[in-house]
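Since the model is a prediction, treat every value here as computed from it, not as a measurement. Order of listing sets the numbers, starting from 1, for every ligand and every atom in it.
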Amino acid sequence: MNVCIIGAGYVGLVTGACFADLGNNVTCVDNDKKKIDALKKLKMPFFEEGLEDMVKRNVKAGRLSFTDSIKEGVKKSLVIFICVGTPPKQGGEADLSYVEKVATEIARNMSSYRLIVEKSTVPVETGKWVRETIKLNVRKKVKFDVASNPEFLREGTAIEDFLNPDRIVIGVGSKKAEKILKELYREIDTEIVVTDINSAELIKHASNSFLATKISFINSISNICERTGADITKVAHGMGLDSRIGESFLKSGVGYGGFCFPKDVDAFVHISGKLGYDFGILKAVRKVNEEQKALFVRKVEDALWIVKGKTIGVLGLSFKPNTDDMRSAPSIDIINSLKENGARIKAYDPHAMKKAHSVIKGVTFCRTAYDAARNSDALVILTEWHEFEVLDLVRVKKLMKNALIIDGRNVFDPVRMKKLGFKYISIGR
Ligand code: UDX
């Protein structure tokens, strides 16, 4: 099938590469000419496990190409996926101006039937507006369908998530659109949930919000654990074995981050308010997440007594492991608070250093975890990279001025840390 992907960001590029790998002819479009030129030279705009190889393989096979012209992509393709950003506006509302702009341009370049699919995360009823926009701008007699096919890709495992999903959701308004999308996904062995467009849009916002709720819930429980001497890892395990609850997304830490959860929770609260419903639970989820970062900073302060003038080594900057993404990473707020309190920060991350440079200022960036530990009064862990789990802790202890580790991701076993002679503070245990 001929497929056009508009927006070569995380979602668009992964989707495009995977569709090409499944044997389709894919044209990826982006208005950032620099990005397109780099992609033509097979340079990836971000790090994602397995993506570079997949892109190279499919470009070589002639199934994947890049252009900055929507016209070219629309001309060649039956199915057009909108994968442009929906960034938050002040107040949390999703900014849909890119979606509108792209929908207008698609419409102006359509000369025969096209299926336009929203893949970007959008508020419920966006499909209706996309349809209206296309209707307004398309030539008379040209037929089209609009559909919603939300992505559930996690950074770091996006390709695996695309090829082996828990489900595929397609929101459609016609049998023809359903048939085309089912055909496009025929190689993927999973349940295809077919709904109306509004329901599909809601499935995405509701899923991400529910996952964020699980995280804030377990973080709240971790605060009760700390006050009672209970152990959050054991509590979460005991809860998670109940099949109605499930073990995933019950890891307490310094709060969720990334480009999706904070933005999607905000947007869902906003659209709910606009529809006349005050989504109180989600407001609390957001509040708990902000508090969790502040509580962690307080932990560091309590452990150091005076923060001013102290050197703090920070291990982990990306919002989660196996990605270089710094967007809404808890590390940003935590480091800024510690800096405001007068700490000197030495930071290290296995992959996110380059991106961290542009979002975190006034910090010494180190080349290794051991460099960050050297002469520090405390070591703080903010992302659970595997590299940290296998650190030579005897060496770390020798390098540090003071054997104090405050672990925001529960990477180490407290008993082992005590045996090694560390003062070890973690989350909820
Ligand atoms: C998320 C959704 O999982 C995905 O389906 C959607 O399409 C995009 O948003 P992603 O942003 O890549 O994916 O990250 P995810 O792996 O879901 O983690 C989000 C955040 O939650 C991270 O900051 C992570 O550290 C945190 N988290 C996750 C926890 O604090 N505890 C957990 O148990 C799980």
Open item on the list: One pair to check against salt bridge (Lys or Arg N to Asp or Glu O under 4.0 Å): E52 and K56. What are the steps and the verdict?
Closed with: CA-CA 6 Å; E52 191 169 334; K56 282 184 180 161; 3.0 Å; yes
- [ ] State which residues pass salt bridge (Lys or Arg N to Asp or Glu O under 4.0 Å) with R57; sequence neighbours excluded, sorted by chain then number.
- [x] D21
Task: Those residues that, when tested against E247, pass salt bridge (Lys or Arg N to Asp or Glu O under 4.0 Å) (two or more places apart) - done: none
Task: Within the protein, residues bringing a heavy atom under 4.0 Å of ligand 1, chain by chain - done: E151, F152, L153, R154, E155, K204, N208, I215, F249, L250, K251, Y256, G257, C260, F261, F319, K320, R409
Task: Side-chain heavy-atom pair L382, F296 within 4.5 angstrom cut-off - done: yes
- [ ] For K251, look at atom NZ and say whether over 12 heavy atoms of other residues, nucleotides or ligands are found less than 6.0 Å away.
- [x] no
Task: Partner residues of K76 under the side chain to side chain contact (heavy atoms under 4.5 Å, CB included) criterion, sequence neighbours left out - done: T27, S65, E72
